[in-house]
Amino acid sequence: MPNLTTPRVRFAPSPTGYLHVGGARTALFNWLFARHEGGILILRIEDTDAERNRPELVGGILEGLRWLGIAWDEGPIFQSDRLPMYRSAAERLLASGAAFPCYCKATAYAGGDAAPSETDEGEGDDEGPNSQRAAACPCRDLSPGLREIRKQEGMAYAIRFRVAREGVTNFEDAVFGPREVQNAEIEDFVLLRSNGVPTYQLSVVVDDIDMRITHIIRGADHLSNTPKQVMIYRALGAEPPIFAHVPLILGPDRTRLSKRHGATSVGSYADEGFLPEAFRNFLALLGWSPGDDSEFMRTHELIERFALSGVSRTNAVFDRPKLEWFNTQYLQKPPVEDLLPYVEAELKRASIWQDAWGGPEKAWFAHAVDLIRPRTRFLGDFSAWARAFFTDDFDYDAEAREKFWKDDRLPGMLAKLADALATLPEWNHDACDAAVRGLAAAEGVKAGLLINAIRVAIVGRAVAPPLFETMAVIGKDRVVARIRRALPSMTSAKTSA
RNA sequence: GGCGCUAUGGUGCAACGGUUAGCACGCGGCCCUUUCAAGGCUGAAAUACGGGUUCGAUUCCCGUUAGCGCUACCA
């Protein structure tokens, strides 16, 4: 049987840009809350502003959400498909007297110069003229006669909410506590534009009522406008839900995170090789904490521990280095199986994936990934510095050659080593270890000299996992071949010098 | 300008009247070591300022300052 108290929340982006970090965090909180409470998450696209709305961006937003692993239960629902519902709500408010038609010109309140303020003593270096708050619209008290005349004239009108001149409006915020504002502070705001399109204030309330939203979790930038929405709820005969305004995410300069702070779309983090779970963990801690010092929390734990009571009221600065740290943690700590699909995708992207690794050679693949991952920071590392683990098509890093191939005894010793390795009956860490150290002893050189040179020969880099395990993973034939292949390069590097 | 919110190291969080103010990132040092990471140990680093309330304030109240938000026929 349906539980009448099932929490219902929503994430309601407007397609005026890509899914950015702030939106992603809001979506995450809604999702964590829904999962924790056994509730429903609805995705709603707020696209009533035809001017700024870019329909083609919706796909990108959904894609970003999917990458983040945030699955919605209902929707996406487009507000642009529901215009009649908002209009009829506005008509109802008009009929009940809670709203009134406004015949002012649309520009009169649009931050323009409708009311050339007589009190402009300001320096006027910025915007300037409108320093007084918008007074109540004069149409509010239009006499019935005059209103009738306007109507006859067929003048276009907007519908404004008739805000009480006195008293207070209050509501409950799960994060900021009980709120109360003076009605006198609020202007007669527009509900329905003169072109018949609803404003955010109207559509958001009508939808939230219609969708039976129980908790509105959204950015704190909406806190100041919430009283207006509460008024609409009550005028519509509905009880407002519980609000939970979450603090904003700022850039390093403490201004609201925006494009000029660099990468702010979640898609760019996907492209950079971040793991979605790492991103989620990082985002979750921006404005929320479980109440203790826990930081590394896998998603199931985030869901388990998430509560609105742990949401902070202070804005948080997006700290990229910490995000990267989380990524290394998620690259290194979880069971290697969790990582395999991501590495597979990365290798496919780099065109060096082989299907056998997903089948008969899966154990080998897992082992290789496990060996490589302690040194990775991004998924791209698997196809970059660790490329030689997956393909013979790799080159030698110039610095690595310079650093570890300069001893002129190397070609001779490594030639011998290759021969010795080729005859090894067993191929594993210990056998390689014994062969290399044995040769070093016989030649009277430090094992490190050979170890470092071999590493460059078989993986092309100075930086790689411990050598003998690397040799074991790469395999006997390939190791021998790679050492022999490298010999000329060492010699030429020598003779040319 | 008006209204509101916020204020713990550089950053993210903890301490929700009594702690030598804790953890993590980042930064420095040491250990480990086969390169580079990881890991372990360790160092520097904070309660914005001023008044109250209280036996006792990071914590409660007021003011100041600063930052942010809202103040659109944008969301």
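Order of the sequence lines fixes the chain letters, A, B, ..., with proteins taken first and strands second; residue numbering starts at 1 for each chain.
No contact: S203(A) has no heavy atom under 4.0 Å from any strand. In this structure, Q182(A) reaches neither bases nor backbone, as no heavy-atom distance under 4.0 Å exists between it and the strands shown. Across all strands shown, S194(A) has heavy atoms under 4.0 Å from base atoms, whether or not it also approaches the sugar-phosphate. When heavy atoms are screened at a 4.0 angstrom cut-off, G287(A) is found touching the sugar-phosphate backbone but no base atom. When heavy atoms are screened at a 4.0 angstrom cut-off, D221(A) is found touching the sugar-phosphate backbone but no base atom. Nucleic acid contact for H245(A): none, since no nucleic acid atom lies under 4.0 Å from a heavy atom of the residue.
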For this session: Please test T226(A) against R218(A) for side-chain hydrogen bond (donor to acceptor under 3.5 Å, both in side chains), starting from the C-alpha separation and ending with a verdict.
Result: CA-CA 11 Å; T226(A) 302; R218(A) 68 195 349 175; 3.2 Å; yes
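Nucleotides U59(B) and A7(B) are separated by 13 Å at their C1' atoms, to the nearest Å. Comparing the same atom, P, in A57(B) and in G50(B) gives a spacing of 14 Å after rounding to whole Å. Going from the C1' atom of G63(B) to that of A45(B) covers 30 Å, rounded to whole Å. Distance check on atom C1': U11(B) versus C16(B) gives 23 Å, rounded to whole Å. Rounded to whole Å, the separation between the C1' atoms of C60(B) and A66(B) comes to 22 Å.
Here the C1' atom of nucleotide G69(B) and the CD1 atom of I249(A) are 15 Å apart, to the nearest Å. Between the CG atom of D188(A) and the C1' atom of C73(B) there is a distance of 14 Å, rounded to whole Å. Rounded to an integer number of Å, the gap from CG of D253(A) to P of U11(B) is 12 Å. Rounded to whole angstrom, the span from the NZ atom of K322(A) across to the P atom of U11(B) amounts to 13 Å. One atom, CG of D293(A), and another, C1' of C13(B), lie 8 Å apart when rounded to the nearest Å.
Judged as a ring-ring contact (aromatic ring centres under 6.0 Å, His included), and not counting sequence neighbours, H20(A) has no contacts. Applying the side-chain hydrogen bond (donor to acceptor under 3.5 Å, both in side chains) test to D395(A) and every residue at least two apart in sequence or in another chain returns nothing. For E443(A), the salt bridge (charged side-chain N to carboxylate O under 4.0 Å, His left out) partners two or more places apart in sequence, or in a different chain, are K416(A). D47(A) is linked by a side-chain hydrogen bond (donor to acceptor under 3.5 Å, both in side chains) to S80(A), counting only residues two or more places apart in sequence or in another chain. Annotation: salt bridge (charged side-chain N to carboxylate O under 4.0 Å, His left out) contacts of R373(A) (sequence neighbours excluded): D370(A). By the ring-ring contact (aromatic ring centres under 6.0 Å, His included) test, F78(A) pairs with no residue at all, sequence neighbours left out. In this structure, Y18(A) has no ring-ring contact (aromatic ring centres under 6.0 Å, His included) partners at least two apart in sequence or on a different chain. Shown here are the ring-ring contact (aromatic ring centres under 6.0 Å, His included) partners of H429(A), two or more places apart in sequence or in another chain: F468(A).
The side chain of L248(A) lies closest to C68(B) when the candidates are C73(B), C68(B), G12(B).
Between T255(A) and P13(A), the residue anchored closer to the 5' end of RNA chain B is T255(A), taking for each the nucleotide with the nearest heavy atom. Residue whose closest nucleotide on RNA chain B sits further toward the 5' end, between F282(A) and A12(A): F282(A).
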For this session: Any chance you could list the contact pattern along nucleotides 27-48 of chain B? Use B for base contacts, S for sugar-phosphate-only contacts and - for none, protein heavy atoms under 4.0 Å, 5' to 3'.
Result: -------BBBBSS---------
For this session: List the protein contact pattern of nucleotides 3-10 of chain B with one symbol per nucleotide (5' to 3'): B for base contact, S for sugar-phosphate-only contact, - for none; contact means a heavy-atom distance under 4.0 Å.
Result: SSSSS---
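Between R437(A) and D433(A), at least one side-chain nitrogen of the basic residue sits less than 4.0 Å from a carboxylate oxygen of the acidic one, meeting the salt-bridge criterion.
Ring planes of F243(A) and H245(A): parallel class, angle under 30° (limits at 30 and 60°).
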Side-chain donor-acceptor pairs under 3.5 Å in residues 304-313 of chain A, sequence neighbours left out?
unit_1: R305(A); atom_1: NH1; unit_2: S294(A); atom_2: OG; d: 3.1
unit_1: R305(A); atom_1: NH2; unit_2: D292(A); atom_2: OD1; d: 3.4
unit_1: R305(A); atom_1: NH2; unit_2: D292(A); atom_2: OD2; d: 2.7
unit_1: S312(A); atom_1: OG; unit_2: T314(A); atom_2: N; d: 2.9
unit_1: S312(A); atom_1: OG; unit_2: T314(A); atom_2: O; d: 3.4
unit_1: S312(A); atom_1: OG; unit_2: T314(A); atom_2: OG1; d: 3.2
unit_1: R313(A); atom_1: NH1; unit_2: V175(A); atom_2: O; d: 3.2

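More than 12 heavy atoms of other residues, nucleotides or ligands shown are found within 6.0 angstrom of CD on E56(A).
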For this session: Give RNA chain B the dot-bracket treatment, 5' to 3': Watson-Crick (N1-N3 with N6-O4 or O6-N4) or G-U (N1-O2, O6-N3) under 3.5 Å, [ ] crossing, | other strand.
Result: (((((((..((((....[...)))).(((((.......)))))....(((((..]....))))))))))))....
